[in-house]
Amino acid sequence: MSTRKAAAAPSAVAQYRYSVQWSPEDQEFVATVFEFPSLSWLDEDQFQALRGIERLVSDVIHELTQSGEPVPEPIATQKFSGRLNLRVPPELHRKLAIEAANHGVPLNKYATERLTAQLSG
């Protein structure tokens, strides 16, 4: 039996996909957000860089809302169909089809298994 309280959903700003990396060119940490590719925040402290980009995203969301413009949906809450169309070189397509046949499974299933294994390992 768990005694942990159910956590409240994070704020809209917290649901975006953030990244903080060291920038050798700037000699500071640069924080970015996937859903707003034109935004970034520099700081000599990585945690302050994250806080800075979160404040900037909050301000941008407020401005977009005030002007009636659409606000990007966090990738974490987006719905995906499960369909993925890839363009691959013909030789790779042939190789995958042969490997799928050798394993006795449809190409789509084989490709899904290979992608899953690649992302899990």
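Just so it is clear, the structure is predicted and the values come from calculations on it, not from any experiment.
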Nearest-0.5 Å distance, [atom1] of residue [X] to [atom2] of residue [Y]:
{"X": "H103", "Y": "E99", "atom1": "NE2", "atom2": "CD", "value": "7.0 Å"}
{"X": "R17", "Y": "T32", "atom1": "CZ", "atom2": "OG1", "value": "10.0 Å"}
{"X": "N108", "Y": "L84", "atom1": "CG", "atom2": "CG", "value": "9.0 Å"}
{"X": "K79", "Y": "E73", "atom1": "NZ", "atom2": "CD", "value": "7.0 Å"}
{"X": "I61", "Y": "E69", "atom1": "CD1", "atom2": "CD", "value": "13.0 Å"}
{"X": "L96", "Y": "R114", "atom1": "CG", "atom2": "CZ", "value": "7.0 Å"}

Find out if a path of hydrophobic residues (ILVMFWY) with successive side-chain heavy-atom gaps under 4.5 Å connects [X] to [Y].
{"X": "V88", "Y": "Y110", "result": "yes"}
{"X": "V60", "Y": "W41", "result": "yes"}
{"X": "L50", "Y": "W22", "result": "yes"}
{"X": "V71", "Y": "L39", "result": "yes"}
{"X": "L115", "Y": "F80", "result": "no"}

[X] side-chain N/O to [Y] backbone N/O, donor-acceptor pair under 3.5 Å:
{"X": "Q27", "Y": "P24", "answer": "yes"}
{"X": "T77", "Y": "P74", "answer": "yes"}
{"X": "D26", "Y": "E28", "answer": "no"}

(Q) Using a 6.0 Å cut-off, check whether atom CD of Q78 has over 12 heavy atoms from anything other than its own residue. (A)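 Yes.
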Q) V13 versus Y18: any side-chain heavy-atom pair under 4.5 Å? A)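 Touching, per the 4.5 Å side-chain cut-off.
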Q: Find out whether H62 and Q66 are in side-chain contact, i.e. whether some heavy atom of one side chain is under 4.5 Å from a heavy atom of the other.
A: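 When only atoms from C-beta onward are counted, Q66 and H62 do touch, with a gap below 4.5 Å.
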Which heavy-atom pair separates [X] from [Y] by the least distance, and what is that distance?
{"X": "V20", "Y": "F29", "result": "CG1-CB, 3.9 Å"}
{"X": "S40", "Y": "L56", "result": "O-CD2, 3.8 Å"}
{"X": "L107", "Y": "A97", "result": "CD1-N, 3.8 Å"}
{"X": "P72", "Y": "L64", "result": "CD-CD1, 4.1 Å"}

Q: Check whether the ring centres of F36 and Y16 lie less than 6.0 Å apart, and answer yes or no.
A: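 Under 6.0 Å, so yes.
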Q: Ignoring hydrogens and angles, state whether a donor on the side chain of Q21 or S19 is under 3.5 Å from an acceptor on the partner side chain.
A: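 There is such a pair between these side chains.
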